[in-house]
2 protein chains.
Amino acid sequence: MRVVKEAEERRNEILDAADELFGQKGFDGTSTNDILVKVGIARGTLYHHFKSKEDIMDALIERYSINLLGAAQEVALDKSVPVIERILRVVMALNISSENGSGSGKEIMEHIHRPQNALMHQKIQKVIISGVPPILTPIIREGIEQGKFNTPYPYECMEMVIVYANAIFDDDRVDLTNEERTSRMLSFIFNVERLLGAESGSLMNVMQILGKGRDGNE
Amino acid sequence: MRVVKEAEERRNEILDAADELFGQKGFDGTSTNDILVKVGIARGTLYHHFKSKEDIMDALIERYSINLLGAAQEVALDKSVPVIERILRVVMALNISSENGSGSGKEIMEHIHRPQNALMHQKIQKVIISGVPPILTPIIREGIEQGKFNTPYPYECMEMVIVYANAIFDDDRVDLTNEERTSRMLSFIFNVERLLGAESGSLMNVMQILGKGRDGNE
DNA sequence: GATCGACCGACCGACTGTCTGTCTGTCACT
DNA sequence: AGTGACAGACAGACAGTCGGTCGGTCGATC
């Protein structure tokens, strides 16, 4: 049975299917056959829309990162929120993402955490590391002007913080107990305060205030 | 032609071949066939010694990390060297590695830097992130006792530093100009000093003194 | 303004080449 | 005769290709 659709619609159908399958079985564990069966198309059709399996992944990541970074950027621009709280809100936007019903990228945050999909993991990491610091840096600059922070290298600070947070908190670190995790968190906040040249405890305080929404994830 | 050897000798022949091939063509780009042709054995033999292709990679990484961390550990234990210089020496030992003729792991440092081998990259990263901070932390503690550093979280500091350094300096970052790289280096050192609670410039000074050996690597 | 035909691109699925991992069996040494 | 190193034919799966088909569209023609 032959059903003709607009290219972009098909593309999205394929991406949706791949999204779900990669989430369930990982990139390597998912065959192109799985994808095309799920969509209900033939091999040729898949390769009409994407030039390779990896191309599908790239498209998925792009669709996802647009959502993710867009949401974070939006939060970052709301200058009515105090600097420190805004930073934390941006980070929370990154961790939660999706949910806000934009539809695509629903499952991807799940993928990121599993080490199987090394390539996807790496690519998403790259998006975050190159995409998030530029969003946060202006806020840091604001904080510097307000005398809350003090650092000659706001961008590099953010880069360091994001890279580390990603490596430690996102990853497979299931082997840590909750206590260890909390202690990691405390030392992390302490170190971030030092990097930013912020008063000791200034991040901690704000964090506890709006800390409710966080924490119990997974 | 049938040549019988001791299991471990064969294992090492296979690992040597894999080492070189992975370095040239990446893990995914290297077929098990390439490996067994290079060694001059049959498929069955390969799978007699290793249970899967990934198993070969794991063995390679283990062989390598023993060398790497062993060398670093050795440097770290030499208490005759001043604290800051010793830290830098450990880091240098990690970057250079091999060469000192231990024979195995000759090529691996090359792999680490290329993004193709996502899985290998990730596994080596993990070894470094979990292996290096425990080596460096005692040195930091020494520095704290000597009043050179001041931090309540020496381990987490090292973790942060190592994670960041790995992500930024090791990786694919070929897109950076030399100037950018230098500027990254400066901000990095500044941030590390802050994290450790060291006097500003204390790292920088020692670095310039023995800085000759570094720098011009690829 | 209804019909026709050329054209475009979405779509199909058999096919190719490659790759990993398995299995049966052989050989040498003890 | 038993054990472990070794061999190579083989199976099964998979990514990607290619020639060809079919449906929709749009301009020309009646």
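Because the structure is a prediction, the values reported are computed rather than measured. In what follows, every chain begins at residue 1, and chains take the letters A, B, ... in the order their sequences are listed.
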Q: Counting just side-chain N and O atoms, does A:Arg10 come under 4.0 Å of either OP1 or OP2 of C:dC11?
A: yes
Q: Between atom CD in B:Glu54 and atom C1' in C:dC19, what is the gap in whole Å?
A: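 Distance, rounded to whole Å: 16 Å.
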Q: Check whether any side-chain nitrogen or oxygen of A:Thr32 sits under 4.0 Å from OP1 or OP2 of D:dA15, and answer yes or no.
A: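 Yes.
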Q: Hey, is the side chain of A:His49 poking within less than 4.0 Å of OP1 or OP2 on C:dC11, counting only N and O atoms?
A: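 Indeed, a polar side-chain atom of A:His49 lies that close.
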Q: Do the side chain of B:Gln125 and the main chain of B:Asn166 share a donor and acceptor less than 3.5 angstrom apart?
A: no
Q: Return the nearest nucleotide to the side chain of B:Ser31; candidates are C:dC19, C:dT22, D:dA15.
A: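 Nearest to the side-chain atoms of B:Ser31, counting from C-beta on, is C:dC19.
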Q: Here's a test for you: under side chain to side chain donor-acceptor pair (under 3.5 Å), which of A:Thr30, A:Asp34, A:Asn117 qualifies with A:Lys25?
A: A:Asp34
Q: Taking for each residue the nucleotide of DNA chain D with the nearest heavy atom, is it A:Lys51 or A:Gly29 whose nucleotide lies nearer the 5' end?
A: A:Gly29
Q: Does A:His48 place a side-chain N or O at less than 4.0 Å from the phosphate oxygens OP1/OP2 of C:dA10?
A: yes
Q: In whole Å, I'd like the distance from the CG atom of A:Leu36 to the P atom of D:dC14.
A: 11 Å
Q: Whether the side chain of A:Asp55 engages the backbone of A:Lys51 through a donor-acceptor N/O pair (distance < 3.5 Å, no angle test) should be reported.
A: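 Such a contact is found between A:Asp55 side chain and A:Lys51 backbone.
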Q: With respect to the phosphate group of C:dT22, does any side-chain polar atom (N or O) of B:Tyr47 fall under 4.0 Å of OP1 or OP2?
A: no
Q: Please determine, for the side chain of A:Ala42, which listed nucleotide (C:dT20, D:dC14, C:dG13) has the closest atom?
A: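 Shortest atom-to-atom distance from the side chain points to C:dG13.
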Q: So what does A:Thr45 hit on the nucleic acid, given a heavy-atom distance under 4.0 Å: a base, only sugar-phosphate, or nothing?
A: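 Base contact.
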Q: Between B:Ile41 and B:His49, is there a side-chain heavy-atom distance shorter than 4.5 Å?
A: no
Q: Would you mind classifying the nucleic acid contact of A:Ile41 as base, sugar-phosphate or nothing, using non-hydrogen atoms under 4.0 angstrom?
A: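 The residue A:Ile41 makes sugar-phosphate contact but no base contact.
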